[in-house]
Amino acid sequence: MSRFWLSILPQVLFVFATTGVLWAAANAAAAFAFLSLSMLVPLLWMLRNLSRIDSWLDSPTVENIPEASGLWEGVFSRLRRMVKQRNLSERQMEIRLHDLQQAIAALPDGIVILDAGAHIEWCNPMAEEYFGLDGRRDFGQQISYLVRQPLFVEYLAEDQTDLPCILRMGNDRILSIQIIPYADNKKLLLARDITRIENVERMRRDFVANVSHELRTPLTVVNGFLETLSDMGASADPEMMKRSLDLMSGQTDRMKRLVEDLLTLSKLENVENMLAEEEVNVPMLVRQIHQDAISLSGNHRIELSIETDAGLRGNMEELRSGFGNLVSNAVRYTPEGGKISLTWKLQDGNAVFSVKDSGIGIEKEHIPRLTERFYRVDRSRSRGTGGTGLGLAIVKHVLGRHSARLEIESEFGKGSTFSAIFPPSRVIADMGDTIR
Ligand code: ADP
């Protein structure tokens, strides 16, 4: 027998026993009246509590659960426990759902949940940004009404979605989209921004094409001379032979310089190649570079002004290569008789190495692109003076490794100033060098 029936058994037995005693001691009417009254009172009590439950169901909170005594006390307290337990699990579910939503929202990828008909059910902020969606406003909208690129619409309609679809968005962003079916015909749309990866890949392709192009011309020239000389055999004119060998040597020098610059760049770009720091005596370094410039130059006036004996925390050989490139450019892009000034100075706490020339100058639109690999304003002048197109790319990397920046000022036809600006954190106040 259940606990419930056991608990009311004594009362039931009492009522029946009393009814029997009344019947025997008095009469049947008295016994019946007692029995009816004994059943009516609990019935009314039960109905009252039923009505309280009925009103509680209108607002079924823990606080509203009615109080009662006797049999109903147990029922109501079990109800209270159940409601509390349910509230607790609901709260825990809510927290978990909220955590999950926050985790999905924080993903760097865009995520859109689509129903069987490709209507938007939910999306994270990244997807809103990628596709210009508004999670609330666009809820229930067909995604293909909002993302209209034909490639995307086609991809959405396909069953075969194992491979991602690459989309170029209006703002130059490149997205890799993948649709993953799940549950009952639902779809999870993942969008990843691959702009950077694609750009790196494009730069790699351009770079290989540029290097091949740069090497092909001198190789073709050398090859041509070799074929001619081999055809001529012993009958070759010694004068012509000498001229051919000189020209071939010029071309191989060009290839050698290109390979050397490529190796320098690759070393500078290698993230594992940490900057080997030392205290660099810049005044001394700049004096050596000045001497090199004089021997490199044909007929330029090359001035040197060392205004500080400050040095730099950095790498001597890298700085020599960076500064040397700026100076050799000034010599190569300044006509004979022009003036070049090298300056080492402190300016607002920064240390500045600048090279000013009275050369051909650069038109404004080229300036932002000068440090790109193989970017040249005037191809024939660059090649004619032995340029590889990599000098300023090397300068940019060297300066980047020294937390420094390159500033270029130029006026077309009048000259240019290239300044390497080092932050105070790199400056060593006094190298004990004598300023001249
Ligand atoms: P290059 O080997 O062609 O000189 P760089 O990377 O050193 O390659 O320079 C890129 C381009 O910047 C050059 O081709 C040239 O057009 C321009 N340039 C660099 N320095 C100067 C300068 N001092 N005066 C004028 N143009 C310059």
Side-chain angles (χ1 to χ4, degrees), residues 203 206-207 209-211 213-218 250-251 253-269 286 289-290 292-294 296-304 318-343 352-401 404-421:
M203 271 168 63
D206 289 354
F207 183 65
N210 274 324
V211 172
H213 178 77
E214 293 289 334
L215 285 171
R216 200 170 47 209
T217 320
Q251 295 301 328
D253 276 351
R254 181 171 155 192
M255 285 192 278
K256 188 165 157 263
R257 271 196 307 278
L258 180 67
V259 172
E260 276 167 4
D261 276 1
L262 283 170
L263 285 174
T264 307
L265 252 189
S266 126
K267 251 194 252 159
L268 291 171
E269 277 178 338
V286 171
I289 289 174
H290 178 230
D292 294 347
I294 292 171
L296 187 78
S297 134
N299 186 17
H300 296 100
R301 196 146 44 90
I302 307 183
E303 289 177 355
L304 173 68
E318 288 191 17
L319 289 172
R320 187 195 300 281
S321 152
F323 292 178
N325 269 307
L326 291 181
V327 176
S328 107
N329 278 355
V331 171
R332 289 166 41 235
Y333 297 104
T334 303
E336 296 275 302
K339 184 179 160 193
I340 297 167
S341 319
L342 316 186
T343 309
V352 183
F353 172 70
S354 63
V355 183
K356 184 174 183 324
D357 64 57
S358 63
I360 60 174
I362 308 154
E363 280 155 302
K364 262 199 171 42
E365 69 266 26
H366 296 292
I367 292 181
R369 299 195 57 191
L370 291 185
T371 55
E372 285 175 24
R373 294 181 289 195
F374 298 114
Y375 188 85
R376 293 151 160 137
V377 179
D378 179 347
R379 283 186 175 274
S380 57
R381 178 156 192 139
S382 160
R383 293 216 177 96
T385 55
T388 59
L390 296 173
L392 290 181
I394 292 175
V395 172
K396 182 179 134 186
H397 272 91
V398 168
L399 296 188
R401 284 162 69 85
R405 62 176 207 279
L406 179 67
E407 244 180 42
I408 306 171
E409 283 167 51
S410 188
E411 206 177 325
F412 185 56
K414 295 224 164 119
S416 320
T417 307
F418 286 74
S419 305
I421 303 172

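When a residue number appears, it is its place in the shown sequence, counting from 1. Numbering of ligands and ligand atoms starts at 1, following listing order.
- Polar contact with ligand 1: absent for I362 (N/O pair, distance under 3.5 Å).
- Nearest protein neighbour of atom 5 (P) of ligand 1, counting heavy atoms only, is L392 N, 3.6 Å.
- Under a 4.0 Å criterion applied to the non-hydrogen atoms of T388, ligand 1 contributes the atoms 2 (O).
- Nearest protein heavy-atom neighbour of atom 10 (C) of ligand 1: Y375 O, 3.3 Å.
- Considering backbone and side-chain N/O atoms, G389 comes within less than 3.5 Å of an N/O atom of ligand 1.
- Side-chain contact between I302 and L304 is absent, with no heavy atoms from C-beta onward closer than 4.5 Å.
- At a 4.0 Å cut-off, not a single heavy atom of N325 sits close enough to ligand 1 to count as contact.
- The protein atom (non-hydrogen) at minimum distance from atom 23 (N) of ligand 1 is D357 OD2, 2.9 Å.
- If you number the atoms of ligand 1 from 1 as listed, the ones under 4.0 Å from a heavy atom of G387 come out as 2 (O).
- For atom 12 (O) of ligand 1, the nearest non-hydrogen atom of the protein is L370 CD2, 3.4 Å.
- Sorted by first and then second residue, the salt bridge (charged side-chain N to carboxylate O under 4.0 Å, His left out) pairs involving residues 382-401 (not counting sequence neighbours) are E214-R383, E318-R401.
- Summary of contacts: the protein heavy atom closest to atom 7 (O) of ligand 1 is N329 ND2, 2.8 Å.
- Here the CD-CZ distance, from E372 to R369, works out to 4.0 Å after rounding to the nearest 0.5 Å.
- If you look at T334 next to ligand 1, there are no close heavy atoms at all, none under 4.0 Å.
- Each of the following atoms of ligand 1 lies closer than 4.0 Å to a heavy atom of R376: 3 (O), 14 (O).
- Checked against a 3.5 angstrom limit, the closest N/O atoms of V377 and ligand 1 fall inside it.
- Looking only at side-chain heavy atoms (C-beta outward), N325 and L390 stay at 4.5 Å or farther from each other.
- For the pair F418 and ligand 1, a heavy-atom separation below 4.0 Å is found.
- If you check which protein heavy atom lies closest to atom 24 (N) of ligand 1, you get Y333 CB, 3.4 Å.
- Counting non-hydrogen atoms of neighbouring residues, nucleotides and ligands closer than 6.0 angstrom, the CZ atom of R301 reaches no more than 12 such neighbours.
- The closest side-chain heavy-atom distance from L399 to I421 is not below 4.5 Å.
- Under 4.0 Å from ligand 1, the heavy atoms of R332 that appear belong solely to its side chain.
- Around the CD atom of E303, the shell of radius 6.0 Å holds more than 12 heavy atoms that belong to other residues, nucleotides or ligands.
- Here is the list of ligand 1 atoms found below 4.0 Å of a heavy atom in S382: 1 (P), 2 (O), 3 (O), 14 (O).
- By the 30° and 60° cut-offs, the orientation of the rings of H366 relative to Y375 is tilted.
- Every pair tested for side-chain hydrogen bond (donor to acceptor under 3.5 Å, both in side chains) that includes a residue from residues 354-364 fails, sequence neighbours excluded, so the list is empty.
- We find the CZ-CD distance between R254 and Q251 to be 5.5 Å, quoted to the nearest 0.5 Å.
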